[in-house]
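Below you'll find the structure, written out as structure tokens, and then a few comments.
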Amino acid sequence: MNAPAAPLLQVRNLRVEFPTRRGTLLAVDDVSFDIAPGEVLGVVGESGAGKSLTGNAIIGLLEPPGRIAAGQVLLEGERIDNLPYERMRRIRGAKIGAIFQDPLTSLNPLYTVGRQIVETIQTHLPLSAQAARERALDLLKQVGIPAAEQRIDHYPHQFSGGMRQRVVIALALCAGPRLIVADEPTTALDVSIQAQIIALLKRLCREHGTAVMLVTHDMGVIAETADRVAVMYAGRIAEIGPVRDVIKSAAHPYTRGLMGSIPSMGVRSARLVQIDGAMPRLTEIPRGCAFNARCTEAGERCFRERPELMAAGATRAACWRHDTGGVGAVRTKEAAHA
Amino acid sequence: MAATEAVSGWLRRAADSDVWWSFKRSPLTVSAAIVSFLIVAAAFLSPILAPHTPFDPATLSLLDGLKPPVLVGEGGEWRFPLGTDEQGRDVLSSIMYGTRLSLLVGFASVVVAMVLGIGLGLVSGYVGGTLDAIIMRVADVQLTFPAILVALLIDGVVRGLISVQRHDEIAIYVIVGAIGLSFWVQYARTVRGSVLVEKNKEYVQAARVIGLAPVLIMLRHVLPNVMGPVLVIATINLGLAVITEATLSFLGVGLPSTQPSLGTLIRLGNEVLQSGEWWITVFPGVTLALLVLAVNLLGDWLRDALNPKLR
Amino acid sequence: MPDGGTLPLVRLSALKRHFDVSPPWLVRALEGKPRQIVQAVDGIDIEIAKGETFSLVGESGCGKSTVARLVVGLYPPTAGKIEFDGNDMSQSRGRAEMAALRRRMQMIFQDPFASLNPRWRVFDIVAEPIRAFGLAKDAADLEQRVGDLLRQVRLTPADGRKFPHEFSGGQRQRISIARALASQPEFLVCDEPTSALDVSVQAQILNLMMDLQRRFGLTYLFISHNLAVVFHISTRVGVMYLGRLVEVAPTDTLFRRPKHPYTRMLLDTIPDLDMTGRQRAPVAGEVPSPIDPPTGCAFHPRCPFANERCSRERPKPVESEGGTVACHAIEEGRLPVEERSYAVRG
């Protein structure tokens, strides 16, 4: 799905830093990707991999002291990473919508959902109160709120978790954005509700041609929703490519391990595939490839040189195995841990 | 055993912690700490450091009476840098001894309030039910009286029960008890709130699965985890307790003039303020203000440093 | 069902636990509101045989975690009986006798960040059950035992000197497991032990738990909402809905030939990672409030096969293929059994 048309969103060499008293942490390290209009890009990774920070950096909602240290974010060819707060706020409603994990924190408990949606619509679109309310009602119907005519005047606490997330989606769609950044939109929900929300997101994207950056740790959600997927590890993109290829024939050893460790429903085995160890803390990212200590295929070069994303079959992976130079002399596991 | 381990572990981590880091980064807090330290050190070392022993009548001479401070006015002597009162007592020495007494009362009443409040708060939060309701209603009722009123009340009752002379002897215990009793509510409520949060955490449940006795769970698991906010309150309360004691002493229901605290000194000086001997009351007053300000600044910093949301 | 003849290690009979979530008495009196009772666990029967892994699955609020806490005695039951190795746990008995029973069952919790006392060293955390039950002869023995436990969960004895915050989520969960094993229990209640972990770490912990089970002959009560995990680790599975057990079956039977409509719905929600193009079937409706559960079969408002009887009469568990199902449609033969297959991922 690498559309030849101009990409909607371009992220170029993005770096997000957190200055702390023990030195500056590089939470997102040289991340680049594009999202085409109407495309769903899944960003997957373990907690602390930097996936949520990447999303927050794009919508300009990095929590201080986190800051964009380098790189550019371009929306429809225009830089949005260095805009003043007020202009970014307008873009955030009008061109980029945001959906967060906990629907409760996205809604003001003191106002009815209708009022919140109407206010958001009127901030970004020149509509009369009546027209805005009609649009709000229409949005609530679109996201599948039953009896929307009555529910529009209800307060957030009167909705269940799944219904609240639908309201948040309606809120994100208010001004007809070109891109929605959805950060773990289904994580707080029960499995049966998850499926409903995913189906809804997909349908809305198809109908409105909205692109989605879907940030999640759940490979199942990605598999069902995304066109392409970026796998993040320790602040870097380990692999990026069409979702089918990443899941079925991953090129990066980390992606393969990650896929393998998801329990499969096919056969039961005495042991699950596992990746030993844990993702390094941001303070302890090793030289070379960040995955080198856990990788079963690492060579001497992986401890020395950092791999950039390179073509690896149908996907692009940051792994020296796909370089003509190879991984270099194979290191034993003992040497790797020393 | 477990307690000492907990304390040593706490100290070790404190040296490396964010709290120490935020301390070093705040000049105001560092100055407050230095001022507090100087005042506390001067007070507790007063028997060694003070130039005179102001409450030994043998060393007093009426000839030295009402000397002004050295740097102002005529007739000041370096023997009495901050001047003397009408009985020839050195004001500086009086302040050092008085501060010691004020701090002793402050510390002791904070300890009384802490022990009482933490104990009742732990029981209230952990046991819950009727006991919790009773303790918290008592606390509510007590909160409707200002602390100073509670202290006045207790002092008044004790005065009514025993002779004046006997009262002077035990005045310090009465006042510690009175202030302690009027401050316990805050500890109890804070501890109870934290206990309600902590007791539902899984590490407490894990201890319950083992079948550990509730008393042990409270002391070993819950208590160390609710001490952060308690420490903050204790610091701020120290300033409050010193002020309360000073107020009571100023009103003449606190420590007797034979054992003058800062508050007593201010009262005694206040009586001669009209005749121009301002230094007798102003210097103890300034000391009190500095001490309380420094302690409160420390308390404020500690509250911010221990609050993860503000970090 | 456990093999005939042998006594189950754990038996829950007609177990109920209700929670009073009413507003305070004064508020109720003023507003004229009745008491509000959540029937978190509303009469369930489970037998767990020695050495097996019995899993309870269901959506949040179905009461599965309450069952776990009832079994280890964190809550007293409102009604019903819990028997452990033939001993009725509600009977009052002496301290020593109670401790002897408690020693044999332990619990692993969900949140690796809340389940370890942040102010204790790992050594003391793991040593606590050993000390509480007086299992160590002396300090050297204690050190030896804690070291062995840490090694068993793939940590090192030197890790004992550290504090929990120095470890990652997966490592903390290992510490939690070491603590649970410290009293040499036979029965472990695991309340969503991997749901707070990343997938790559989840596999490590599940493998560790399966290894330990083989090594020490442990019996698990495993609580989870993740069906794929349950599929791998369980011998038998119980599906809970609004405080009731709707289906119990051996793992393979449950996943290949699910009977209860709710079980089928849950299986439909398993994400398709094999890229077969199968879509998760979005299910209509949400779990109703356990304060005011539907009459009859609690699932009937969401059930495509419900009829008038389902809304009136609560179905009783009926024997079926080595398990039990509580469903009128199955009992009446209205609902045919449906075979399911799963693609094998390469």
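As a basis for the values below, the full set of heavy atoms in this structure was taken, side chains included, without hydrogen atoms, waters or symmetry mates. Lettering of chains follows the sequences in order, A, B, ..., and the numbering in each one begins at 1.
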Regarding B/Arg192 and B/Asp132, does a basic nitrogen lie under 4.0 Å from an acidic carboxylate oxygen? yes
Contacting moiety of C/Leu74, where chain B heavy atoms sit under 4.5 Å: both
Contact origin within B/Leu212 toward chain C - heavy atom pairs under 4.5 Å: side chain
If you tally heavy-atom pairs under 4.5 Å between each of C/Arg69, C/Met105, C/Arg103 and chain B, the highest tally belongs to C/Arg69
Is it true that C/Asp148 and C/Arg145 make a salt bridge, defined as a side-chain N closer than 4.0 Å to a carboxylate O? no
Does the side chain of B/Trp184 pick up a donor-acceptor pair with the side chain of B/Gln142 at under 3.5 Å? yes
Go through it in stages, so that I can follow the logic: the residues are C/Thr53 and C/Gln213, the test is side-chain hydrogen bond (donor to acceptor under 3.5 Å, both in side chains), and I'd like the CA-CA distance, side-chain angles, deciding distance and then a yes or no. CA-CA 9 Å; C/Thr53 301; C/Gln213 180 172 42; 2.8 Å; yes
Under a 4.5 Å heavy-atom cut-off, does chain B meet the side chain of C/Phe133, its backbone, both or neither? side chain
Highest number of heavy-atom pairs under 4.5 Å with chain C: which of B/Glu202, B/His221, B/Lys201? B/Glu202
Among the listed options B/Glu198, B/Gln205, B/Arg208, the residue most often paired with chain C at heavy-atom distances under 4.5 Å: B/Gln205
Test side-chain contact (heavy atoms from CB on, under 4.5 Å), reference B/Val204, set B/Val195, B/Ile217, B/Val209, output is B/Ile217
